[in-house]
Amino acid sequence: MTKPKLLLLDGNSLAYRAFFALPLLTNSQGVHTNAAYGFTMMLQNILEEHHPEQILVAWDKGKVTFRHETFKEYKGGRQKTPNELREQFPIIRDILTAHGIAQYELEAYEADDIIGTLANLYNDSHDVIIISGDKDLTQLVTDKTTVFITRKGITDMEKYTPEHVMEKYGITPPQIIDMKGLMGDSSDNIPGVPGVGEKTALKLLKQYETVEGVYEHLDDITAKKLNENLTTYRDQAFMSKQLATIEVNAPIDVPADMMNYAGPDLEKLREQYEMLESKRLLDQLKGDAPSEMQVEISYVTFDREEGIVWPEKASLHIELDGDNYLTDPVLVMTMAMAGKEGSEGVYTFDERQIAEYESLKVWLEDETIIKYASDTKAIQSVLHRYGIALRGVQYDLLLASYIADASNAQKEIAQLAEELTLPYEVRRDEDVYGKGAKRQVPEFDVYTYHAATKAKAVWDSVPIVEEQLKESEQYELFHDLELPLASILSEMETEGIAVDETVLQTLGKDLSERLAMLESDIYTLAGETFNINSPKQLGVILFEKIGLTPIKKTKTGYSTAADVLEKLEHEHEIIALILLYRQLGKLNSTYVEGLQKEIHTDGKIHTRFQQALTTTGRLSSINPNLQNIPIRLEEGRKIREAFVPSHEGWKLFAADYSQIELRVLAHISEDEKLIDAFQRGADIHTETAMNVFHVSREEVDSNMRRAAKAVNFGIIYGISDYGLSQNLNISRPEAKKFIDTYLHTFEGVKRYMDKSIEIARKRGYAETLMNRRRYLPDLNSSSFNVRSFAERTAMNTPIQGSAADIIKRAMIDMNARLKEEGLQAKMLLQVHDELIFEAPAEEIAILEKIVPEVMEQTIQLRVPLKVDSASGASWYEV
DNA sequence: GTGGGACTCT
DNA sequence: CATGAGAGTCCCACT
């Protein structure tokens, strides 16, 4: 006979978990819904997993509990429940009611005690299962009571049986209480014994079993400090144990049949889910009816090359073990194609087949065979490993969905497939492989099926997404700009840039010595040693021990940001040392040590450019980031000496757009003065200074030019008078005057700023020269901050985004031109407004002519584009 | 493992 | 009322 299952849920704790596990969602009424949604998802999982006969959700009741009589600081110092969560408790209760689930609370008791008491009562007659986010509950574990504690997210739970507790801690469940008594619990403000942490507590308990046992054998404990602490805090230890003990005999009155679980009232549940505006939950409700047809994808594998019928068109996917397509191993390649005689469904090939099947290579390299994929850059890069040159790609789901809406950045095929409501499930990688340390590759059939669904989803998405792009007039941007760029980026990443490791090693030695000296000087000035890299510890030293005036605060304490410290620089000599220490520390850890770790066996660094990530259309660079190699300060700039040509007799060559964003601003704002200045080839910052300060060219000094430069940057980013005043260290009225004068002078810019916001609000998105869009729903936000941010975005995105469009097109033109000219020169890197090449020395003269020419002529604006270039033996010299 | 704060770039 | 756009990586502190 199996006993009935009784499920006891810790309502408060699970609601907290749900709240913090999910982003702050709201429905259209502005009501927060994340905790309610998360709680519901948890509940569904739990019900599905356990199928209980009886269930009850326990809630905390009352700010003050009986524990406060013992210790009035119990749970003191705890963060107040956020209002965004508090307002969701009634919703959660309504959802539980709709589910037909009993709830219980008791004045002056916590949910723990209700659960403990019920578990105690029903332990013999039922299989009791307790679910909470609070590990304290594990003290209730017995042979007949199992406790599940949430881990990360909302569905991952850890199961505690007596065996698991023993395995994990080496103690029995009741000893959990003793452990808390000794080590305390900072989240409940239970003090415990100072100096005793988990390790010490467990060691003591393994030997003496209980807190009482420990004190009976106090004399046997020889560790002096420990013995002292135990002696001094004896009362506190016993009190802590008492506080940590869950009450199992609370005066509760729950008739057994009240907890019977009969199942939900679907109509009420639908009302609740509608309020949450969760399509997923509503679909699930409907899903109870057989309306949702889930299709199973079938695939074929081959055991010989002969006889394979190659399609004229197919989608292509390569499943990797990891996310770095330049280095991680291949699991399987899949191809989905039209159903037609002799070739249909999904083909799969394992790694050996990719490497060996000549007909596959021919098919992949055939330009006339149309391929569709998601992240073709990755696929092209992987195939390159096998000496295969992928051709004929006409579609890329990752890029297409990013172009359609940049907030789709980095979405998995799983999510895109779900949004396209394809009639089969594409699982998320995390669900298939697990996450972090628990990640592992499942069986062949599992990942192959997974890869098959991806190829199928890509195939099925083509007509839908292409239509969508044509509708929004973005097909050209997608097909003629991003798609060819993907291929070029793949070549750049695969090529890599050579690095002279000895340069880094020499720099590293020098830096380490200087850091050591700085460190000891800082300790001397501070009068003690501490971790300079810890803003928290540094704040204490500067603002409490030394007594400097805190200028700004962060969420977590004093701000020690560079701009804050710079204001304090004249007050104490330690400041300058700290600033220098942090700069050099960054150089050493990120650039000297970090870059060395990224050097492959070919002596090169192969960054990856993320093409479907930024909201403005820029690229980004990872593993490592080669778009933020130091240049501003000489010490950092030396890092660039390590980047060298890959062949003897070659040189590096760099070409960068001068003031591309201001030129784009001149073009789209049609501001006469700005256009005129660029057409005359004037120095734009000097020109701005002349206008803002009403002086002649000769009267512009370096300070005025510097201020004008800051104003120009500020204009592009939508700065406030406050921001400019901070930046230039001037008064706010002065800053306001600068901005006003600027906008009065450059009327067209003023008009642009107003108009760009208005247009974006009307259309719902900001747009670049090449029809890239960024949706800005926040322009209608009721929050000033959120709205202001969106307004600045509406002004900045067309500028930054158009500049990104331009250099992308230049890269495509440049690639074609290098081929045309039959040069060996290779494009290696892009840094937003700059292209880095390497070439034989004798080609440099040609590059000096054609690179600026191509970059300047790639688009015709109302102002000329200007490109500067340089060459040298390392990146430092260009 | 995650978030904050620091530094780096255009 | 908070306060300049877009990024990535490292370290610390906390879960």
Side-chain angles (χ1 to χ4, degrees), chain A residues 17 20-21 133 135 150-153 186-187 406 409 435-438 531-539 552 554-565 578-579 581-591 593-595 597-598 607-610 613-633 636-637 639-640 656-657 659-661 710-727 732 735 739 766 774 783-789 791-801 803-804 807 830-834:
Chain A
R17 280 285 174 166
F20 288 109
K135 284 206 177 85
T150 55
R151 254 184 275 193
K152 273 282 166 295
S186 58
S187 69
K435 215 173 78 164
K438 287 189 304 184
N531 188 339
I532 308 168
N533 279 324
S534 160
K536 194 177 163 190
Q537 294 182 34
L538 180 61
K552 217 165 62 177
T554 66
K555 287 178 202 170
T556 50
Y558 309 108
S559 167
T560 66
D563 60 322
V564 170
L565 295 194
I578 286 163
L579 287 168
Y581 180 88
R582 288 204 299 219
Q583 282 168 5
L584 301 185
K586 179 70 178 176
L587 285 181
N588 201 33
S589 64
T590 302
Y591 298 105
E593 287 172 3
L595 285 180
K597 287 183 200 139
E598 300 283 356
T607 186
R608 281 177 296 144
F609 292 103
Q610 308 238 73
L613 184 138
T614 71
T615 46
T616 55
R618 276 188 174 182
L619 301 176
S620 84
S621 156
I622 55 166
N623 296 125
N625 181 358
L626 292 187
Q627 290 183 321
N628 71 348
I629 302 302
I631 187 167
R632 197 170 43 89
L633 300 170
R637 193 173 193 153
I639 299 286
R640 293 180 174 229
D656 69 293
Y657 281 111
Q659 309 292 355
I660 189 166
E661 292 190 334
V711 172
N712 276 330
F713 270 98
I715 292 299
I716 293 173
Y717 300 144
I719 201 177
S720 65
D721 50 0
Y722 175 85
L724 185 64
S725 75
Q726 289 294 301
N727 193 295
R732 202 164 152 169
I739 293 172
R774 178 170 178 186
S783 149
F784 177 87
N785 277 331
V786 173
R787 194 174 61 246
S788 300
F789 192 78
E791 287 173 355
R792 291 197 292 274
T793 310
M795 292 186 277
N796 172 266
T797 295
I799 301 172
Q800 192 185 116
I807 194 164
Q830 186 250 48
V831 193
H832 309 308
D833 65 357
E834 180 183 20

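Computed from a predicted model, the values in this text were never measured in an experiment.
- The OG1 atom of A/T607 sits 11.0 Å away from the CD atom of A/Q830 when rounded to the nearest 0.5 Å.
- Atom name P, nucleotides B/dG3 and C/dG4: the rounded distance is 24 Å, in whole Å.
- For C/dC14, one of the phosphate oxygens OP1 or OP2 lies less than 4.0 angstrom from a side-chain nitrogen or oxygen of A/K536.
- Of the possible donor and acceptor atoms, one in the side chain of A/R640 sits under 3.5 Å from a partner among the backbone N and O of A/P630.
- Note on A/A803: nothing from the nucleic acid sits closer than 4.0 angstrom, heavy atoms only.
- For the pair A/L538 CG and C/dA13 C1', the interatomic distance rounds to 15 Å; values are reported in whole Å.
- Set against B/dT8, B/dG5, C/dG6, the side chain of A/P535 has B/dG5 as its closest nucleotide.
- Distances were taken from every side-chain heavy atom of A/T556 (C-beta onward) to each of C/dC14, B/dG5, C/dC10; the shortest belongs to B/dG5.
- Not counting sequence neighbours, the partners of A/N727 by the side chain to side chain contact (heavy atoms under 4.5 Å, CB included) test are A/A710.
- The side chain of A/K555 sits closest to B/dG5 out of B/dG5, B/dC7, C/dG8.
- The side chain of A/N531 sits closest to C/dC12 out of C/dC12, C/dG6, B/dC7.
- With rounding to whole Å, A/Y591 atom OH is found 8 Å from B/dT8 atom P.
- Atoms CD1 (A/I716) and C1' (C/dG4) sit 11 Å apart, rounded to a whole Å.
- Here A/I799 lies out of heavy-atom contact (under 4.0 Å) with every strand.
- The interatomic distance linking A/Y581 (OH) with C/dC10 (P) rounds to 16 Å, in whole Å.
- Going from the P atom of B/dG4 to that of C/dT3 covers 15 Å, rounded to whole Å.
- In this structure, A/S720 OG and A/R792 CZ are separated by 7.0 Å, a value rounded to the nearest 0.5 Å.
- Nucleic acid contact class of A/T615 (heavy atoms, under 4.0 Å, all strands): sugar-phosphate only.
- Spacing between B/dA6 and C/dC1 at atom C1', rounded to whole Å, works out to 26 Å.
- For A/R774, the side-chain atoms get nearest to C/dG6 when compared with the rest of B/dT8, B/dT10, C/dG6.
- Across all strands, A/Q537 comes closer than 4.0 Å only to sugar-phosphate atoms, never to a base (heavy-atom distances).
- Applying the 5.5 angstrom centroid cut-off and the 30 degree plane-angle cut-off, the aromatic ring of A/Y722 is stacked upon the base of C/dT3.
- Using a 4.0 Å heavy-atom distance criterion, A/Q583 is classed as a sugar-phosphate-only contact.
- Checked against B/dT8, C/dT3, B/dG5, the side chain of A/P630 finds its nearest nucleotide in B/dT8.
- A/L619 comes within 4.0 angstrom of no nucleic acid atom, judged by non-hydrogen atoms across all strands.
- OP1 or OP2 of B/dA6 sits under 4.0 Å from a side-chain N or O of A/T560.
- Nucleic acid contact for A/A710: base, since at least one base atom lies under 4.0 Å from a heavy atom of the residue.
- Base engagement by A/S720 is indicated by at least one non-hydrogen atom pair under 4.0 Å involving a base atom.
- Residue A/Y717 and nucleotide C/dA5 are classified as a stacked aromatic pair, their ring centres being separated by less than 5.5 Å at an interplanar angle below 30°.
- At the heavy-atom level, A/A561 lies under 4.0 Å from the strands shown only through sugar-phosphate atoms.
- Contact check, A/R792 against C/dG4: no side-chain N or O comes under 4.0 Å of OP1 or OP2.
- Nearest to the side chain of A/L633, among C/dC1, C/dA5, B/dT8, sits B/dT8.
- Taking 4.0 Å as the cut-off between side-chain N and carboxylate O, A/R608 and A/E598 do not count as a salt-bridged pair.
- Across all strands shown, A/G714 has heavy atoms under 4.0 Å from base atoms, whether or not it also approaches the sugar-phosphate.
- Contact check, A/T614 against C/dG6: no side-chain N or O comes under 4.0 Å of OP1 or OP2.
- Distance A/I629 CD1 to B/dC9 P: 9 Å, rounded to the nearest Å.
- Distances from the side chain of A/R618 to the nucleotides C/dG6, C/dC10, B/dA6 place C/dG6 closest.
- Comparing A/T797 and A/N785, the nucleotide of DNA chain C nearest to each residue sits closer to the 5' end for A/N785.
- How far CG of A/L595 is from OG1 of A/T590: 8.5 Å, rounded to the nearest 0.5 Å.
- A/T150 and A/G133 make their closest contact through OG1-CA, 3.3 Å (heavy atoms, listed as atom of the first residue, atom of the second, distance).
- The side chain of A/F713 approaches C/dG4 more closely than any other nucleotide in the set B/dG5, C/dG6, C/dG4.
- Backbone-only engagement by A/N796 is indicated by non-hydrogen atom pairs under 4.0 Å involving sugar-phosphate atoms exclusively.
- The A/R582 side chain lies nearest to B/dA6 when the options are B/dA6, C/dA5, C/dC11.
- Atom CD in A/Q800 sits about 9 Å away from atom C1' in C/dA7, given to the nearest Å.
- For A/Q627 against A/L619, the heavy-atom pair with the smallest separation is OE1-O, 3.6 Å.
- Residue A/L613 is in sugar-phosphate contact alone, with no base atom involved, counting any heavy-atom pair closer than 4.0 Å across all strands shown.
- If you take CG of A/N588 and C1' of B/dA6, they are 16 Å apart, rounded to a whole angstrom.
- When the side-chain nitrogen and oxygen atoms of A/T554 are compared with OP1 and OP2 of B/dG5, one or more of them lie within a distance under 4.0 Å.
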